[in-house]
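All heavy atoms count here, side chains included; hydrogens, waters and symmetry mates do not.
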Amino acid sequence: GDQAMYVCLCKGITDHQIRQAVENGACSLKQVSHCLGVARQCGKCASFAKLVIHEAKERQLGTPADLAYALG
């Protein structure tokens, strides 16, 4: 698949891990941070992590409609 990007260097957390956390039900930076430890140390990755979470949620919301359309 697509190449993983490191979002949180302190903890070595990739965008894939964050997307996975969102798929597992985490829907905020606080929840993702609780599950993965992202943005716990220096906090530099917080805004990037939020972006990845937002994108993952949008993709999640987009899936059922796309699926229904594809099955049409």
Side-chain angles (χ1 to χ4, degrees):
D2 51 341
Q3 200 63 40
M5 282 182 300
Y6 280 98
V7 175
C8 176
L9 293 174
C10 297
K11 301 277 186 180
I13 295 161
T14 66
D15 64 320
H16 286 272
Q17 287 169 283
I18 292 175
R19 289 179 210 281
Q20 190 63 56
V22 171
E23 280 173 35
N24 293 341
C27 57
S28 67
L29 180 61
K30 192 177 178 181
Q31 290 176 337
V32 170
S33 171
H34 184 71
C35 101
L36 297 175
V38 71
R40 283 263 176 101
Q41 283 179 12
C42 73
K44 283 181 186 165
C45 65
S47 56
F48 187 27
K50 277 184 188 166
L51 193 72
V52 174
I53 293 164
H54 180 72
E55 203 181 83
K57 278 160 64 175
E58 279 197 335
R59 194 176 289 188
Q60 217 179 15
L61 293 171
T63 308
D66 296 346
L67 201 62
Y69 182 76
L71 296 174

Asks: If you group Ile, Leu, Val, Met, Phe, Trp and Tyr whenever their side-chain heavy atoms sit less than 4.5 Å apart, what else falls in with Leu9?
Replies: Tyr6

Asks: How many angstroms lie between CG in Leu29 and CG in Leu36, if you round to the nearest 0.5 Å?
Replies: 10.0 Å

Asks: Between Val38 and Cys45, what is the shortest heavy-atom contact and its length?
Replies: CG2-SG, 3.8 Å

Asks: Which pairs pass salt bridge (Lys or Arg N to Asp or Glu O under 4.0 Å) with one or both residues in residues 13-35, sequence neighbours excluded?
Replies: Asp15-Arg19, Arg19-Glu55

Asks: Identify the two heavy atoms, one from Cys8 and one from Ala39, that lie closest to each other, and give their separation to 0.1 Å.
Replies: SG-N, 3.9 Å

Asks: Mind checking the OG1-CD spacing from Thr14 to Gln3? Nearest 0.5 Å is all I need.
Replies: 10.0 Å

Asks: If every non-hydrogen atom of Ala49 is compared with every non-hydrogen atom of Ile18, which pair is closest and at what distance?
Replies: CB-CD1, 4.2 Å

Asks: Quick one: closest heavy-atom pair of Gly25 and Gln31, and the distance?
Replies: O-OE1, 4.0 Å

Asks: Who passes side chain to side chain contact (heavy atoms under 4.5 Å, CB included) against Cys35, sequence neighbours left out?
Replies: Ala21

Asks: What's the shortest heavy-atom distance between Gly37 and Ile13, and which atoms?
Replies: C-CD1, 4.0 Å

Asks: Filter on side chain to side chain donor-acceptor pair (under 3.5 Å), then keep only pairs touching residues 36-51, sequence neighbours left out; what's left?
Replies: Ser33-Arg40

